[in-house]
Amino acid sequence: MDPANAEAYRYLGLSLYADGEYVAALHAFDEALAHEPANSPANADVYFDMGITHRDQGIFAARPSLTAMR
């Protein structure tokens with residue numbers, strides 16, 4: 001693997017995510033972002049992948065609905 005290839009890190013992260021290795025997947029996604037310019041359109045996909053990884057890892061707790069708080 002080319003260590004400067006951001007796309008390769010993204011696909012590594014996706015394969016780790018599919019295997020349930022969430023921490024390693026997030027690390028690979030971080031590496032993908034580090035090897036891509038900050039304004040790259042590809043970053044949106046990486047941030048989405050990070051979001052679903054956090055969701056499935058349980059990082060985001062369910063929020064009460066606004067109507068229930070009234």
Side-chain angles (χ1 to χ4, degrees):
M1 184 170 109
D2 178 7
N5 187 337
E7 186 177 22
Y9 278 111
R10 178 172 178 245
Y11 284 115
L12 173 62
L14 289 171
S15 65
L16 291 165
Y17 164 79
D19 200 32
E21 298 290 332
Y22 300 131
V23 174
L26 290 169
H27 179 72
F29 294 140
D30 283 336
E31 287 295 320
L33 291 173
H35 291 91
E36 195 71 47
N39 61 350
S40 172
N43 288 347
D45 291 331
V46 177
Y47 283 117
F48 176 81
D49 297 336
M50 291 175 88
I52 62 170
T53 303
H54 280 298
R55 180 202 63 199
D56 290 354
Q57 188 181 25
I59 297 296
F60 298 124
R63 292 183 177 178
S65 69
L66 292 176
T67 55
M69 296 173 70
R70 292 183 183 175

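No experiment lies behind these values; they were computed from the predicted model shown.
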Original post:
Which pairs count as salt bridge (charged side-chain N to carboxylate O under 4.0 Å, His left out) when at least one residue sits in residues 13-31, sequence neighbours excluded?
Top reply: none

Subject >> Listed partners of Glu36 passing side-chain hydrogen bond (donor to acceptor under 3.5 Å, both in side chains), at least two apart >> reply: Ser40

Original post:
Quick one: side-chain hydrogen bond (donor to acceptor under 3.5 Å, both in side chains) partners of Ser15, sequence neighbours excluded?
Top reply: none

**OP:** Apply side chain to side chain contact (heavy atoms under 4.5 Å, CB included) to Tyr11 and list each qualifying residue two or more places apart in sequence or on a separate chain.
**Re:** Glu7, Leu14

Original post:
If you look at every heavy atom in Ala28 and Leu16, which pair is closest and at what distance?
Top reply: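 Closest pair (atom of Ala28, atom of Leu16, distance): CB-CD1, 4.4 Å.
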
Subject >> Smallest separation among heavy atoms of Ala25 and Gly13, with atom names >> reply: CB-O, 3.4 Å

**OP:** Could you name each residue pair satisfying side-chain hydrogen bond (donor to acceptor under 3.5 Å, both in side chains) that touches residues 41-51, not counting sequence neighbours?
**Re:** Arg10-Asp49

**OP:** Sequence neighbours left out, what pairs pass ring-ring contact (aromatic ring centres under 6.0 Å, His included) with at least one residue falling in residues 15-41?
**Re:**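 Every ring-ring contact (aromatic ring centres under 6.0 Å, His included) pair that includes a residue of residues 15-41, provided the two are not neighbours, is Tyr9-His35, Tyr17-Tyr22.
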
